[in-house]
Amino acid sequence: MATAIRQRLGSGFSWVNLLLWLLRIGVVVLVILGSANTLISQKYTVANWVSLFFSGLAQGSIYALIALGYTMVYGILLMINFAHGEVYMAGAFTAFFVASATAKSGLLESNPWAAIGLWFLVSMSVATLVAVLLERIAYRPLRNAPRLVPLITAIGASYFLQYTFRGLYGSNFRSYPEVAILRGTVTILGFNVPFVQLFVILAAILLMLGLNAFVERTKTGKSMRAVAEDKEIAGLMGIDVNRVIVTTFAIGGMLAGAAGIFRGLYQPQGISAFMGFLPGLKAFTAAVLGGIGSIPGAMVGGLILGLFESFGPNLILEGLGIASANQLRDAIAIVLLVFVLIFRPQGIMGEKLSEEKA
Amino acid sequence: MPPIFECEGLIKSFGGLTAVNHFELQIEEGEIVSLIGPNGAGKTTLFNLITGFYPPDSGSIHSDGRSLVGLSTHQITQLGIARTFQNVRLFPNMTVLQNVMVGQHSRSKSGVLAAILRLPSFKAEEERVMAKAKEQLEFFGTRLVGYRYDQPAYSLSYANRRRLEIARAMATEAKLLLMDEPSAGMNPKETEEITELIGQLRDERGFTIFFIEHDMRVVKGVSDRVVAMDYGSKIAEGSYAAVSTDEHVIEAYLGRVSEDGADGR
Amino acid sequence: MIHVRDLSQASKLRLALKIGLFVGIAMQYLIFVGIIETFHDRFLIKDVISIGEIIMLLVFAGSGYLSVWALKKALNPVHEEVEVPVRRPWAVGSGALSGLVVGAFIALLVIVNSVIEVRDVFVSISPDLIQIVTFGRGETLAGLVIPMALSTILAAIAGTLYIVRADVRRTVVLSVVWVTFAALISDLIRVSLSRPGFPVFLSRIFTSSNGLTVVGTVTVVAVVVAWIVFGPAVQEKWKARKSTMSPARQRNLRYGQWSLLLLLLLLLPLIVGVFPSEVLNNIGIFIIMGFGLNIVVGMAGLLDLGYVAFFAVGAYSMAVLTTLQPDIGGFELTFWAALPIVIIITGIAGLLVGAPVLRMRGDYLAIVTLGFGEIARFLALSDWLSPFIGGAQGIIKIPKIAIGATVLRGPQVLYFLFLAAGAVAYFISWRLKDSRTGRAWMAMREDEKVAEAMGVNTVYYKLLAFGIGAMIASLSGALFAAKLGTIYPHSFSVLVSITVLSLLIVGGIGSLPGVIVGAFVLVGLPELLREFGEFRLLMYGALLITMMILRPEGILPSVERARELRKEDRAQDEVYSLDEPTAAPATPSGD
């Protein structure tokens, strides 16, 4: 019997395993206890929950767009592009100036969609440029280096970009101008949902569908998948691997740039050079949650993370009697990351990768 | 007395693929047993099961009557089973001597405090470990001694790396050595030398040897017993003459003889 | 017959233009990010030239130097016996051309700025800055011409410098380097020189309140020149004398050198004075952490980005145990009574962080530990835990350290505690490196699975690395808390982890002297130069990238790590060292 248990648990049954099991059980118990407590106390109405749901979904789609950049780069280079959060920041921060210019010049009022289109254009192109430069300057020389080397470089790049943009645009927090046409609410099944949230969710979904079509249908998309499968063989088959890698960084950058505009629309205030660090970490969480390397995984992971972050503090932490739970919103996202990496590094949708890969 | 190695009903599958299927084998002390089989037959997987790299799905593995299932790799090494790898895996940036000294890890025990305080017991043990390591390296003649001691392992030639890997495994003072294709990548002269070496390992050093081999000259030259494996199961066992003429073995090889190279895992 | 290779004139010009373009963009980066303006506040030589200006001039000169270097490389694409030299006209010409391009960029900036308000977006482009980059001429014709002319001339000179005699070149380069260095630490020199017992005029002659004086500059240059002229002879003589000594005397000499070093270390705070001792202590905090992280990252190969968490646990547990603040803790222990408890608590924290990440692969481990570090900070900041650890207000009233009845006050005294803690950390690292434990760590770092197969209990050794690393960090944290008397959560951001990692990498991962050098460069310099503050992390980031690309083994590398990080070189070694035709290069990592 004992042998059977050991066999099931795999080699090295030890107190470490025991600790992990206790941790697992502890987390589940705490989540259930907290949620049950909150729900029983009926502190929040259904309308509250619905509004949390949509704001979580909107936030989640922003994470998903950033996460796609992580996941695609990982799929191809098996490296964590830690500076990807800064790519998103670069787009959003730069586009702020265009946004306020369009507001000043009246374009935003007279022709709002054109103005917003312009924001997207600027944000996406700046983010793309930063992502491509990052690849060219910081990562390409290290393509064959041991795994931790590009990671350290990426961390360096992350701080370099943060402080570069702070130097360029200053250390003040900025706010995107308000967009009149995105104000107001829409009624869905009797609940009022802010229009801007719906806009963000739908636009993000549109972008993701576009990406999916690109990867599945186009020649470049196919070569991307081939390179992700096996770089060397793809190279032998006549695929220009460098070009595919640059394209991957570029697409990741574009999506992050778009995410930056969504952030500006959805939460206009607090644009700064440091806005990318936490969302970057969270988007990485989303990518891992969905199974790193998997494109649909990143999408789903982002949405789940957004919802978790939205519900978590009110649903779980408050139920446990933790004061000012919303302060810990960022912390629980990171706790989620830690738990996913400990217990399910292959993610919820990821195929079971071989031990070395996952 | 229980055999030095014994396994029964060993099964391991990865997804839908059963890599090792109801495998059973016994090895007595002092034997040299070779394991042959076409690529993908599950030979390396078997080694990985024995050394605890993966747990088996079911079945038993015993050494000297002690069950190895559920033990972790380092515990199995401690019990006296050491291995080499098909694609030589050294600690490339450590020196030749350090590599072998790591092999002595489970035969020494000084801890952090002893090391920090340089206690007499630490010094004595360190000297013993170093002497042991040199002794293993001297087994290969002059190739890995002297100025070589302090060279990084990566700077060695391929054949010397294989030798170093064997020396490192010897330094664990194992009773059973598992060698995964010791002659892979070697030229005919070196292959001959390896064949001889395997014999010496047993005769002079008293190791029991279980090795995977594709080169039939080596298998023929040194094995007391040959075990053939295909699709994860044992298909034949016995003397070289018997196994090499066994129709299952011939079929297994001829049927899939086309590819060459690494044994899939 | 010697085959003479040469490039066409057009391609030589194109090369110079290309270098000018790159350097010009780099120059614009420095301007736009604000480095030039910020460093303009401080003089290199009092009333003569500011650090901002010298940076510009160095970039101008650098473009010329680089373009000739590139030209030479283009002329000699492969290493051959006979080098094709760069002829003087070309050295001057391509230097000047690239310099002109760099200057033209600045002129362009001035023109553009006069047409549109660049400052609306790029905050650094202030009127002051325009004054600086035009060397005081502003938006005038002279303001356009002067930077271009200066840049062209300097670059041409620098280009020529590349092909002149080596000792001339060395004199110029070393003079610039040492003058700059002396100016950067001029505050330190000034404070050290202006103390009771020293004649007042000494500090006045060499340094001012803002940079070196002209006399100081000349002195530094004179010393450099003297060194270049007489240095080799002196060294030669010394070596000759040393080689004639008996072994016993040589040994005595070595002991003498070591005891001198020890004496110097002990007397250092008295020599340098109060403010520099404070700087030394701040460096000490990071040196101790550097040794600790070096065990985790350098020896055991576990990239821990959340190392600040242990520093924080050390500092917070010391604070809680000793504070006299009425609503927190209530233990009110002395520093010495609390220290063992702090070390044990932090060691346990190390195990708790280590345990869940044991099976994690390297890069995931890095991110998770980063996450742990952030969680630690969020928790420290939260209202939830504030009754216990003070929340955003932190913990105050941490008593000073006392030995017996003597309270240790002032940085010059505390220095000895940092020195002692640093020595302990150094000693532990040094002794462990060459031991069974150290070998097990190294083996694990090289190939975890094989280490396991050789009998190394990797679970145990990972936990051991985390535990010891954490305990060393707790020393640093405890001293930090006691030194400041107050701690706030914001002292424990992820930036601490990044700083420690950066100093390890700059010094050379796995190398103990490297830790010290790294800490002096990365922590010491910014402490001395408040202008650095803003660009500290910019610099760290840039350093991490460039070090990883150009010199992954660091300034003072440890042997093993140098090998490991230079994988490409290794691949070459493999090619050259194969004596068997059939051998396939084996990759040690992965499987």
Side-chain angles (χ1 to χ4, degrees), chain A residues 12 14-16 19-20 23 78-80 82 94 97 101 137-138 141-142 144-153 155-164 166-172 277-278 281 284-285 288 317 322-325 327-328 330-331 334-335 337-339 341-342 345 356 358, chain C residues 29 32-35 120-124 301 303 305 355-368 370-372 374-375 378-379 381-384 459 463 494-495 498 501-502 505 534-538 540-549 552 564-565 567-568 571 589-591:
Chain A
S14 61
W15 64 268
V16 174
L19 189 88
L20 291 181
L23 206 60
L78 290 183
M79 77 162 274
I80 300 171
F82 193 75
T94 308
F97 296 100
I137 296 170
L142 299 169
N144 296 315
R147 208 167 197 161
L148 290 185
V149 169
L151 180 65
I152 292 173
T153 312
I155 290 163
S158 168
Y159 285 97
F160 181 77
L161 288 173
Q162 280 176 29
Y163 284 84
T164 294
R166 193 187 78 156
L168 293 179
Y169 300 146
S171 47
N172 294 340
F277 183 76
L278 268 181
L281 197 57
F284 174 72
T285 309
V288 173
L317 296 185
I322 289 173
S324 22
Q327 276 183 341
L328 295 175
D330 293 332
I334 298 173
V335 170
L337 167 69
V338 172
F339 279 108
L341 282 184
I342 293 171
E356 271 78 19
Chain C
Y29 174 83
F32 274 80
V33 164
I35 287 180
D120 283 350
V121 176
F122 298 102
V123 292
S124 306
L303 183 55
L305 295 179
V357 300
L358 283 172
R359 307 235 169 82
M360 228 170 257
R361 205 189 55 203
D363 45 0
Y364 279 7
L365 184 132
I367 305 283
V368 166
L370 182 85
F372 276 132
E374 284 289 278
I375 292 172
F378 286 130
L379 288 180
L381 267 171
S382 71
D383 292 346
W384 176 42
V459 167
L463 287 176
V494 62
L495 305 181
I498 299 300
L501 181 70
S502 305
I505 282 166
E534 256 177 82
F535 300 106
R536 193 170 168 157
L537 280 143
L538 183 82
Y540 291 174
L543 268 175
L544 283 185
I545 301 173
T546 37
M547 292 300 281
M548 281 295 120
I549 293 176
E564 181 168 338
L565 294 163
K567 237 189 181 167
E568 284 162 60
S589 59
D591 174 11

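Note on naming: letters A, B, ... go to the chains in the order of the sequence lines (proteins, then strands), and numbering restarts at 1 for each one. Computation of the quantities below employed the complete heavy-atom set of this structure, encompassing side-chain atoms and omitting hydrogens, waters and symmetry-equivalent molecules.
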**Q.** Engaged part of A/Phe339 at the chain C interface, taking heavy atoms whose separation is under 4.5 Å
**A.** neither

Q: Please step through side-chain contact (heavy atoms from CB on, under 4.5 Å) for the pair C/Tyr364 and A/Ile80, ending with a clear verdict.
A: CA-CA 9 Å; C/Tyr364 279 7; A/Ile80 300 171; 4.1 Å; yes

Q.
For A/Tyr163, give me all partners under side-chain hydrogen bond (donor to acceptor under 3.5 Å, both in side chains), at least two apart in sequence or on another chain.
A. none

Q: Check step by step if side-chain contact (heavy atoms from CB on, under 4.5 Å) holds for A/Phe284 and A/Leu337.
A: CA-CA 8 Å; A/Phe284 174 72; A/Leu337 167 69; 4.0 Å; yes

Q: Determine the sole option in C/Tyr29, C/Tyr540, C/Phe535 for which the ring pair (Phe, Tyr, Trp, His ring centres under 6.0 Å) test with A/Phe160 is passed.
A: C/Tyr29

Q. Given that the side chain runs from C-beta out, which part of A/Tyr169 has a heavy atom under 4.5 Å from chain C: side chain, backbone, both or neither?
A. both

**Q.** Most chain A-contacting option - heavy-atom pairs closer than 4.5 Å, from C/Val368, C/Leu370, C/Asp363, C/Val494
**A.** C/Asp363

Q. In terms of heavy-atom pairs under 4.5 Å with chain A, which of C/Leu544, C/Leu381, C/Ile367, C/Leu379 leads?
A. C/Ile367

Q) So which of A/Leu281, A/Ile334, A/Leu341, A/Asn172 has the biggest tally of heavy-atom pairs under 4.5 Å with chain C? A) A/Leu341

Q: Please test C/Met548 against A/Leu142 for side-chain contact (heavy atoms from CB on, under 4.5 Å), starting from the C-alpha separation and ending with a verdict.
A: CA-CA 8 Å; C/Met548 281 295 120; A/Leu142 299 169; 4.2 Å; yes

Q.
What part of C/Ile35 gets within 4.5 angstrom of chain A, counting heavy atoms only: side chain, backbone, both, or neither?
A. neither

Q: Could you tell me which of A/Leu151, A/Ile152, A/Thr94 has the largest number of non-hydrogen atom pairs under 4.5 Å with chain C?
A: A/Ile152

Q | Nearest-0.5 Å distance that lies between atom CG in A/Asp330 and atom CD1 in C/Ile375 | A | 11.0 Å

Q: Identify which part of C/Ile498 has an atom lying under 4.5 Å from any heavy atom of chain A, answering side chain, backbone, both or neither.
A: side chain

Q: Evaluate the criterion side-chain contact (heavy atoms from CB on, under 4.5 Å) for residue pair A/Tyr159 and A/Phe277; output intermediate values, then yes/no.
A: CA-CA 9 Å; A/Tyr159 285 97; A/Phe277 183 76; 3.8 Å; yes

(Q) Taking side chain as everything from C-beta outward and backbone as N, CA, C, O, which of these in C/Ile505 sits under 4.5 Å from a heavy atom of chain A? Side chain, backbone, both or neither. (A) side chain

Q: Select one option (side chain, backbone, both, neither) describing which atoms of C/Leu358 are under 4.5 Å from chain A's heavy atoms.
A: side chain

Q: Can you tell which part of A/Ile137 gets under 4.5 Å to a heavy atom of chain C, answering side chain, backbone, both or neither?
A: backbone

Q: Starting at CD of A/Gln162, measure out to OG1 of A/Thr164 and round the result to the nearest 0.5 Å.
A: 10.0 Å

